[in-house]
Amino acid sequence: MAKRYWLMKSEPGVYSIDDLERDSSTLWDGVRNYKARNNMRSMKVGDEVLYYHSNANPPGVVGIARVCREAYPDPTQFDSRSKYFDGKSTRADPRWWLVDIEFVARLPRLVSLEDVKSDPALADMELVRYGRLSVQAVTREEFARVKRMGGA
DNA sequence: GCCAACGTTGGC
DNA sequence: GCCAACGTTGGC
């Protein structure tokens, strides 16, 4: 299976690229959207990720990460003290899955949402067509282009 | 803080 | 299975 490419969103106030660089890797918990979950379940170790800051000023892609552990159940769904607790999920049949990602690099220049939207070559990105999905697939070409726009 | 564009839930 | 009501995301 060829390497694939993704875009993952995080609010910098919750977990920024700086946090990822400091931690070196993290588990991507708290995703409670089926499409995003399905995307994570199809990820393979080595897949590359555009790291996107949402609810930021300006919002945009700030770095590159890499999948370092394939999908396993999101532990927060079983933790009644977590805000991500899901009483309808069981350990035998977990509803929510996540992957681990590791820090690769920071982009020398931020590629803002506005930059992405105004580039005709990126008009088909899910980020443009359907903004709200927090874990999206991107094509190899889109990934390469955003990376280049970011000065990497 | 507003609100558009979604997704989810649950009554029927 | 429909759909109204409600919740969430995320740009602005």
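Naming: A, B, ... by sequence-line order, numbering from 1 per chain.
- Taking atom CD of A:E11 as the reference point, atom C1' of C:dG11 lies 12 Å away to the nearest angstrom.
- B:dC3 atom C1' lies 14 Å from atom CG of A:N55, rounded to whole Å.
- A:D79 and A:T76 are not linked by any side-chain donor-acceptor pair at a separation below 3.5 angstrom, with hydrogens and angles left out of the test.
- With DNA chain B read from its 5' end, the first of the two nearest nucleotides for A:R95 and A:Y130 is the one closest to A:Y130.
- For the side-chain hydrogen bond (donor to acceptor under 3.5 Å, both in side chains) test with A:E48, the passing option among A:K3, A:R66, A:R4 is A:K3; the others fail.
- To the nearest angstrom, C1' of B:dA5 lies 15 Å from CZ of A:R129.
- In this structure, A:M125 and A:L7 have side chains that are in contact, with non-hydrogen atoms separated by less than 4.5 Å.
- Residue contacts for A:K35: at a heavy-atom cut-off of 4.0 Å it reaches no nucleic acid atom on any strand shown.
- Of the listed nucleotides (B:dT9, C:dG10, C:dG11), C:dG11 has the atom at the smallest distance from the side chain of A:P59.
- Close to C:dT9, at under 4.0 Å from its OP1 or OP2, lies no side-chain N or O of A:K9.
- Ring-centre distance between A:W96 and A:Y72: not below the 6.0 Å cut-off.
- Taking atom CG of A:L113 as the reference point, atom C1' of C:dC12 lies 11 Å away to the nearest angstrom.
- For A:R132, counting side-chain heavy atoms from C-beta on, the closest listed nucleotide (C:dT9, C:dG11, B:dG10) is C:dT9.
- Taking atom CD of residue A:E126 and atom P of nucleotide C:dT9, one finds them 17 Å apart after rounding to whole Å.
- Listed nucleotides: B:dT8, B:dG10, B:dC6. Nearest to the side chain of A:Y34: B:dT8.
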